[in-house]
Amino acid sequence: MDHLLSIVLWLPLAGAIVLAFLPRSAETAIKSGGLILAVVTFIASLMILPQFRVGVAAFQLVEHCQWIPSWGISYFIGVDGISLWLVLLTTLLGPVVLLSSWNSIHKYVKEYVLAMLLLESAMVGSFMAMDLLLFYVFFELMLIPMYLIIGVWGGPNRIYAAIKFFIFTVSGSLLMLLAILYLVYLYYVQTGVLTFTISDLYNVHLAMNVEVWLFFAFALAFAIKVPLFPLHTWLPDAHVEAPTGGSIALAAVMLKVGTYGFLRFVLPLFPHASMHWSWLFAALSLIGIIYGALVAWVQPDMKKLVAYSSVSHLGFCILGIFAMNAAGVQGSLMQMINHGLSTGALFLLVGVIYDRRHTRLLSDFGGLSRSVPIYSTLLVIAVLSSVGLPGLNGFIGEFLVLVGAFRWNPLYGVIAAIGVILAAIYLLWLVQKVIFGPITHEENRTMKDIAWNELLAVIPLIIMMVWIGVRPEPFLQRMEPSVQQLLSTVTDRAGAPPPVSDSRGGVR
Amino acid sequence: MTLTPLLEPNWLQSILPEIILSCAGMLLILLDAFLPGARRAFAPVAIMAILIAGWSESFVVAGMYFGRTYQISPLTVLFDFIFLTATLLAVMYSYEYLQRQNVDGGEFYALILWAAVGMMMMAKGMDLLIVVLGLELLSICIFVLVGFNGRVTISNEASLKYFLMGAFATGFILYGTALFYGASGSTQLEQLGNFFSRAQPSDPTLTIAFVLLIAGFGFKLAVVPFHSWAPDVYQGAPTPVAAWLSVAPKAATLVALIRILNAMLPISTAARWTTIVAVLAVLSMVLGNFVAIAQRDLKRMLAYSGIAHVGYMMIALITLGPDSVAAVAVYAITYVLMNVGAFGVVSLLDKNQNDSQTLDDIAGLGFRRPFHGLALAIFMFSLSGLPPTAGFISKLYIFRVALSSGHTTVAIIAILTSIVSVYYYLRVVYFLYMKDSEDVPVQTIAGPMATGALAISIIGIFAIGIFPTPLFQVALRAANGLIGNH
Amino acid sequence: MLNSLGLIPLVPFIGFLLNGTIGQKAGKKFASVVALLASFTAALLATVAAVAYHGAHPAGEPAVNVVYTWFMAGGVGTDIAFQIDPLSVIMVLVVTWVGFLIHLYSVGYMAHEEGYARYFAYLNLFLAAMLILVLGSSYLFIFVGWEGVGLCSYLLIGYYYDKDFAANAGRKAFVVNRIGDFGFLIAMFLMFTHIGSVDFRQVAETVAGGGVSHGIVAAICLLLFLGACGKSAQIPLYVWLPDAMAGPTPVSALIHAATMVTAGVYLVVRSNVLFRSAPEAMLVVAVIGAATALFSATIAVAQNDIKKVLAYSTVSQLGFMFMAAGVGAFVAAIFHLVTHAFFKACLFLGSGSVIHAMGGEQDIRQMGGLKTKIPITYWTFAVATYAIAGLPLASGFFSKDELLASAMATPYFPAMGKVIWAVGTVAALLTAFYMYRLLYLVFFGKFRGTHEQEHHLHESPATMTVPLVILAALSAVGGLLGVPLILGGAVGVPHLLEHWLEAIFPDVAGIHPGVFEIPAGNEVMVMVGSTLMALIGWWVARTLYRNRGLESDERFGSRAPGLMTTLANKYYIDEYYDLLLVKPLTKLSVFFWRIVDAIIDGLLSLMGYVVAAAGDLMRFIQTGNVRNYALMLFGGVLVFIWVFV
Amino acid sequence: MILEYTVFFVFAAIAVIFGIVVIAHRNPVVSALSLVASLFSLAVMYILLEAPFIAALQVIVYAGAIMVLFLFVIMLLNLQKTIEPRTHPIQQFLGWTGSAAFAITITYYLAKGAVILILPSTPFEASARTIGISLFQAYLFPFEMVSILLLAAIVGALVLSQKLRPQVPLEGAEQR
Amino acid sequence: MIPTSWFLVLGAILFSIGVCGVLVRRNGIVMFMSIELMVNAVNLTFIAYARQLHSLHGLIFVFFIMAIAAAEAAVGLAIFIALFRHRDTIDVDEANLMHW
């Protein structure tokens with residue numbers, strides 16, 4: 001099992017290539033094949049856990065080989081406490097996504113399964129990559145299947161949403177690519193070593209103005225991905241139009257790549273700029289928290305509501321990261337996982353009733369608690385997790401982030417805490433409009449309760465919600481050393497004053 | 001005075017590819033004349049000739065020939081392969097296309113092979129005379145190939161436009177050459193190089209000559225503002241010809257340009273010639289990408305995208321160095337694979353040549369013809385520079401070169417225009433997969449040849465995209481050979 | 001037992017799981033058995049734990065039972081740990097036993113409801129959460145219970161979910177509670193930042209040791225009090241409680257009268273060291289408590305819904321408790337908490353019985369003369385009313401007297417204490433008045449309802465009456481827990497509660513002690529005064545309503561229409577909130593969504609359009625005329641020559 | 001000396017004037033004939049520049065063969081009577097001013113940079129023989145490749161001007 | 001002797017006239033003739049420089065240019081014939097099916 005990570009990484013893709021040779025008419029075989037692959041991948045990823053040494057900050061299960069040696073690019077993957085759980089989250093959601101769309105995808109089933117598997121590989125890869133360019137490759141690779149998923153299997157306005165999604169994300173990432181190259185080039189000039197390995201690049205010395213430019217190039221890419229206010233407008237559209245599985249993958253995992261990027265790249269690579277501009281990101285994330293919550297509140301469309309809630313929740317993640325203290329960063333990581341679970345579940349559940357009624361307008365529902373009690377219970381649990389009820393997962397992350405932010409600047413903590421109030425407002429509004437109140441539409445009276453595949457998809461999420469809510473320590477424990485190390489990297493580097501001028505000072 | 005030709009040892013085997021292609025062309029003409037019934041076999045003969053020519057590249061000996069006017073080096077071998085690949089792919093697409101349009105004939109293959117000879121001359125010529133001759137041989141063939149389908153009005157119109165513009169541009173090249181000749185006393189690049197190393201950068205005639213020369217080469221490369229023929233000619237030309245035309249002559253011209261710029265290296269910065277190249281690059285990227293958005297005709301769109309891509313390649317030429325030459329070489333190879341592929345898929349559409357192939361024609365193709373749809377999608381992703389395709393690697397190389405030579409602004413413009421380009425490449429994918437076809441969908445027809453060509457392109461794109469190292473090594477070695485001369 | 005305190009909340013939690021998953025399928029009998037068994041076991045365990053604790057720690061030091069580390073990141077986090085100390089003992093006993101009684105009552109009351117198992121599941125969950133709240137050993141851990149009870153409250157208020165008002169009320173309760181929780185959260189942030197822990201003991205010790213600046217302590221106190229305001233329905237966050245009456249009546253009794261709403265008081269008392277270190281925060285508590293007491297009493301006067309009257313009465317009584325805590329009489333606060341649990345639970349259950357008899361009718365204008373129809377209910381209701389009114393020797397008499405006397409004698413802010421006392425006394429007068437108004441309107445006079453309702457009238461089943469009787473009895477004698485010195489001293493009855501709780505008020509140098517002496521003179525004066533007030537209230541109510549019934553209200557209505565409608569409409573506070581907070585926020589949100597998002601999108605798509613339009617314009621360079629192309633080429637050459645030569 | 005100058009100016013004037021006639025006259029036949037005249041005067045210039053072989057080629061190949069080909073095509077297509085419509089005024093204006101500006105610019109810089117360029121008085125050996133010899137020595141390769149070029153041109157001309165095969169009905173494209 | 005510059009200037013003027021012809025004439029054949037004029041201007045320049053530099057190379061170059069011009073003429077005129085067949089005119093402004 002020396003190549004466990006590679007197996008987890010490539011299994012979905014390899015499987016997809018095999019499945020591609022099945023005839024298109026063999027839908028069930030393809031679906032089951034995809035599901036089995038996803039489950040096997042998940043099991044494989046679980047085997048990382050026993051091999052993962054607790055209390056070690058460094059990357060583990062590392063695999064390293066040259067890829068493009070002349071440019072210092074290598075196939076360098078590993079997990080540490082920061083990426084471990086994100087990888088597991090991704091692999092967990094693989095089967096969930098496929099299960100959730102078992103019966104809701106009617107056309108081009110084969111292509112759908114292939115796209116999802118490709119997406120899974122790309123997402124896992126971006127969390128495992130320890131080489132900046134490898135990361136970038138996976139980062140971009142994600143876009144293609146997601147573009148297709150939104151554009152082919154999406155709603156009526158899917159083209160607009162898909163293109164918007166793609167253009168937004170690509171705009172950021174291309175600028176980041178330039179910054180990556182420049183960074184590597186500067187490192188090369190300084191040390192004579194051409195490398196894209198992240199941990200090496202942590203040692204680069206940058207003049208302040210250069211650092212700020214590069215910082216913003218990176219930050220822009222990730223801020224779009226997260227998305228951070230005011231770059232969030234692609235998200236509601238993408239979510240509303242995407243099929244359920246796409247929404248889950250998008251919200252639960254893909255957005256995390258943005259927050260992960262901030263943590264893994266932006267902070268340690270550009271500590272001075274990060275610190276210098278942290279106020280900006282605090283402000284944007286705070287605005288996002290409040291803004292997302294308020295806008296979510298007045299949405300008539302359930303998916304949009306959940307989408308805007310993502311804007312709000314991910315604001316917490318960014319806030320925690322820029323707090324640059326252990327509580328904030330660990331909280332942010334927890335919040336990423338939690339958001340993945342709870343928002344994933346919410347999108348899944350919204351998808352369930354969408355499949356039955358082909359509408360997502362809040363006004364078309366109401367009183368579902370009577371006709372679909374199991375569904376309603378699950379929805380309430382997912383909502384409560386998202387609201388941040390102590391005892392469920394959402395609270396842990398939110399609380400840690402808030403304390404972290406508060407320690408950074410009390411004002412930030414206080415404003416962010418308002419978001420907690422607002423979360424209750426809009427999410428309970430959702431619950432009330434959907435499952436409470438009188439039944440206003442006759443179709444809702446005879447609605448079928450949640451189906452086996454949907455139940456099977458959502459149960460793991462619920463279990464994880466409770467588990468993390470009750471016993472988060474194993475998760476935090478494994479994160480802690482890595483987070484501490486990352487933070488000390490940041491503070492050590494920021495502690496040293498930036499070189500006043502550099503041979504290649506400004507960006508021409 | 002004896003009439004002993006100025007011949008170096010090994011000269012014959014070193015120009016073996018040219019000889020093989022020239023003779024194969026003549027053979028095809030003869031076959032067409034005397035065995036018109038064997039039409040079906042013309043394309044295979046041409047393919048055989050190309051393969052043999054490729055094989056004969058293993059016999060060439062690096063060195064200077066014909067009185068230091070003809071250089072064989074790893075770079076020329078590499079570019080020979082680019083030309084041969086492009087020609088091979090074009091022939092493979094043409095085989096069925098020409099049959100469908102009912103215009104197949106031996107002349108077509110002969111001309112395309114001779115054009116390859118012309119390109120090789122451009123790539124290898126160390127004397128502007130040879131370069132110009134190669135260019136002219138290439139041009140003559142292109143005039144005919146573009147207008148090959150005499151029945152089709154737009155084919156003829158394209159031919160006319162290309163001819164007039166080409167002749168006009170040739171006038172500029174010649175004038176520029178004349179001025180350089182006047183200043184330096186030679187048209188040999190080595191001697192020009194010697195001259196430039198002691199020339200006055202502020203000499204106005206030199207700049208005028210440079211502008212005239214670059215205008216002529218820029219015409220062939222289709223860089224803004226010398227690009228205007230490209231969309232019309234691509235649209236009117238038989239699609240496989242357009243495919244070939246969009247890559248091969250550009251690659252040949254790039255090598256020639258690299259050589260010329262290399263010779264000018266001593267003064268090009270001081271004379272602000274690098275700025276001219278930069279301006280051309282920027283203009284091409286901006287205009288190409290912007291206008292491509294407004295196109296609905298696939299071939300026109302690809303034409304504008306080609307303008308933009310040449311812009312990207314020009315970035316590397318701003319400051320010449322081994323890395324930038326290698327970057328251009330890599331880009332050229334990649335561009336051959338993906339652009340010929342994209343045109344190739346268009347050529348498979350079951351339409352008459354004079355009907356435009358619009359985006360609507362490929363609506364729903366991705367599910368109607370999965371392989372063709374997927375192929376076109378891959379080409380588009382590669383053209384837009386997304387990993388893990390070759391397009392990504394080559395763009396990366398260009399950006400890297402731009403950054404390490406300090407052209408950050410140009411690089412940023414390149415990035416921004418790439419973002420724009422993503423939009424129209426994606427639109428193709430959107431039509432492929434997300435739009436329902438019209439009542440009578442346009443089908444694609446592909447025989448084994450075209451399918452094989454598509455497969456070559458796809459495999460190449462992923463091979464370069466995922467394992468670029470061997471290509472990098474080859475390209476860098478080739479580039480070092482060239483730049484090392486000075 | 002002390003090593004497995006976690007069992008106490010665990011048992012009802014298991015009940016919740018059972019009822020929540022299979023209860024609906026397994027039938028009502030199963031559900032009620034599970035629920036009753038769970039609550040009863042919890043009560044028993046609690047009692048055993050209390051006894052064991054007293055045996056093990058007679059001095060009253062807390063016994064802590066750490067289960068595991070919940071989470072800990074960067075010094076932020078806490079253990080899952082239960083703690084029992086004298087205060088917890090009182091709370092846990094009240095919660096479990098009153099809870100059990102109400103479970104019992106519910107079996108009868110909810111017998112015909114559809115979501116029977118769901119109801120009991122929630123009720124058990126509530127019990128579990130409430131027990132975590134009173135047994136937790138750190139602020140962060142009790143926050144779990146704190147939010148948990150809020151959740152149950154939400155679910156149970158919205159029990160009749162297909163009624164819009166119920167769903168709305170539930171949501172309102174949760175959201176308003178969240179606003180309070182906001183304070184609680186920030187208080188914890190401050191603790192983590194400045195104290196480094198949220199453990200009760202550590203926080204108290206650090207504060208007592210002076211390790212934290214005064215301002216921070218005051219801020220923590222005020223923020224905690226904000227949390228308490230939310231949970232315990234104090235101004236300005238009381239608005240949810242009256243609406244919460246949309247839930248089933250036993251829920252109102254358990255959650256919105258006896259237990260959950262007193263959590264705020266518990267929190268303040270639990271944090272007494274902090275509060276005592278920050279007297280200005282205490283003043284705020286006292287003032288808000290007194291104001292709430294008076295304010296909601298005035299509203300209660302004009303309410304016609306039997307449960308609304310009781311709801312405002314609850315708000316008012318909670319105000320009394322905070323008043324007590326605010327003036328430093330923590331024991332009095334707890335004392336009143338306990339007695340209030342008895343008599344208010346009794347009142348609510350009684351009202352439930354009335355509503356049950358009336359077939360769901362809650363409007364007291366439709367009632368009247370029920371005294372004979374449902375005698376047990378009447379008698380228990382009357383006893384509880386007597387107690388809440390503060391008439392002599394019932395439980396309310398002792399507790400209310402003690403807290404009013406403490407206000408008078410407070411060492412923290414003697415002058416303000418008098419004012420607070422005065423306000424409290426007026427509120428006590430109003431309490432007596434509106435409670436007797438209610439009693440007379442419901443049970444005396446003629447029946448004013450429809451004929452059908454009259455026909456339907458019947459006494460409730462035994463599962464309902466038994467708890468009523470028990471609670472009535474407790475209301476009557478509950479005062480014995482805290483007989484004041486001047487009365488009890490003579491006959492040798494000590495102030496049990498004060499004695500029991502002494503240990504939780506550590507003497508800390510530099511701050512006032514947790515228990516202070518009330519001068520006997522004061523005590524007597526207050527006792528006489530408030531008794532007098534209660535009597536006046538009773539007498540006025542009796543004159544106005546005993547025989548004349550609704551006439552008096554109508555007369556008031558015609559004499560002072562403005563006042564009456566204002567009172568009946570609760571000072572239009574909900575409307576003001578709506579106007580000042582909800583509406584603007586909605587508008588703002590819509591503005592954000594429709595305008596700001598549109599602007600952002602517009603700007604970004606504008607960029608796209610500009611690019612596309614530029615492309616579209618540039619396209620026309622391509623005229624199709626080859627001579628134009630030649631001109632372009634030539635022009636390029638010319639421009640380059642001119643620029644670069 | 002004087003003679004030389006006279007010849008130069010006379011023939012330069014002829015070249016320029018007929019050049020202008022080429023582009024200004026609206027009858028293509030006149031244009032073609034003027035071009036012949038212009039090319040012929042250039043041949044005179046070549047002689048002045050002591051390149052008689054090139055001058056001969058100029059007369060034979062250019063003024064002779066190529067221009068005859070032009071005239072032939074003009075006649076073949078019956079173009080001698082067609083009167084060309086006016087060009088778009090903007091194009092017209094830009095064409096004239098642009099080329100005038102170009103001429104002025106180039107002339108300015110050439111004159112400025114090359115005042116000292118006086119033809120060397122030493123005789124210039126550029127006979128057919130020397131040119132022929134170097135063609136077969138140093139320029140053998142290009143010389144051979146020209147054959148391919150010409151062959152391609154012949155084949156191309158054949159392909160382009162061959163009689164059209166039966167027309168496939170054109171759709172979309174407007175046919176005049 | 002006549003200064004070389006004069007020849008060069010004459011070449012420049014002729015070249016410009018050629019350019020002008022390409023730009024202002026609509027008749028394709030005349031445009032092509034203008035291009036021939038440009039090419040001849042270049043030839044003149046080459047020869048003038050060759051004389052100036054005493055270098056045979058310019059003459060050889062001119063020789064090749066003439067070959068090129070001949071080839072171009074052959075193909076170009078064939079194109080015009082084809083154009084005429086399609087449109088009954090050799091007015092290049094009419095050849096604008098493809099644009100934008």
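Chain letters run A, B, ... following the sequence lines, proteins first, then strands; residues in each count from 1. All values reported here derive from a predicted model rather than from experimental measurement.
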Evaluate the side-chain proximity of [Y] to [X]: yes if any heavy-atom separation is below 4.5 Å, no if none is.
{"X": "B:D127", "Y": "E:H57", "answer": "yes"}
{"X": "B:N156", "Y": "E:R85", "answer": "no"}
{"X": "B:T177", "Y": "E:F61", "answer": "yes"}
{"X": "B:E157", "Y": "E:R87", "answer": "yes"}
{"X": "E:V22", "Y": "B:L164", "answer": "no"}

Partner chain B: residue of E:I60, E:T45, E:I35 with the largest heavy-atom pair count (under 4.5 Å):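 Highest number of pairs under 4.5 Å: E:I35.
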Do you know which of E:M31, E:H99, E:E36 has the most heavy-atom pairs under 4.5 Å to chain B?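 Result: the option with the highest number of such pairs is E:H99.
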Give the minimum heavy-atom separation between [X] and [Y], together with the two atoms involved.
{"X": "B:I154", "Y": "E:L97", "result": "CG2-CD1, 3.6 Å"}
{"X": "B:T153", "Y": "E:H86", "result": "OG1-ND1, 3.5 Å"}
{"X": "B:A178", "Y": "E:V42", "result": "CB-CG1, 4.1 Å"}
{"X": "E:F46", "Y": "B:L174", "result": "CE1-O, 3.9 Å"}
{"X": "E:S55", "Y": "B:G185", "result": "OG-O, 4.3 Å"}

Name the region of [X], side chain, backbone, both or neither, that has any atom closer than 4.5 Å to a heavy atom of chain B.
{"X": "E:A69", "result": "neither"}
{"X": "E:A50", "result": "both"}
{"X": "E:L83", "result": "both"}
{"X": "E:V62", "result": "neither"}

Below 4.5 Å from any heavy atom of chain E, which atoms of [X] appear? Answer side chain, backbone, both or neither.
{"X": "B:L137", "result": "neither"}
{"X": "B:A294", "result": "neither"}
{"X": "B:E136", "result": "side chain"}

Atom [atom1] of [X] and atom [atom2] of [Y]: how far apart are they, to the nearest 0.5 Å?
{"X": "E:E94", "Y": "B:L160", "atom1": "CD", "atom2": "CG", "value": "12.0 Å"}
{"X": "E:M98", "Y": "B:S155", "atom1": "CE", "atom2": "OG", "value": "8.5 Å"}
{"X": "B:K161", "Y": "E:N96", "atom1": "NZ", "atom2": "CG", "value": "6.5 Å"}
{"X": "E:E72", "Y": "B:F143", "atom1": "CD", "atom2": "CZ", "value": "5.5 Å"}
{"X": "E:L53", "Y": "B:S184", "atom1": "CG", "atom2": "OG", "value": "8.0 Å"}
{"X": "B:L133", "Y": "E:I68", "atom1": "CG", "atom2": "CD1", "value": "5.0 Å"}

As an exercise: rank B:T170, B:L128, B:L129 by heavy-atom pairs under 4.5 Å with chain E and give me the winner.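 Maximum pair count with chain E is reached by B:L129.
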Out of B:I140, B:V144, B:T187, which one racks up the most heavy-atom pairs below 4.5 Å with chain E?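 Highest number of pairs under 4.5 Å: B:T187.
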Parallel, tilted or perpendicular for E:F80 and B:F163, by the 30°/60° rule?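 Rings of E:F80 and B:F163: perpendicular, as their planes differ by over 60°.
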How far apart are the C-alpha atoms of E:F15 and B:Y175, what are their side-chain angles, what is the distance that settles it, and do they pass the ring pair (Phe, Tyr, Trp, His ring centres under 6.0 Å) test? CA-CA 9 Å; E:F15 190 87; B:Y175 201 25; 4.3 Å; yes
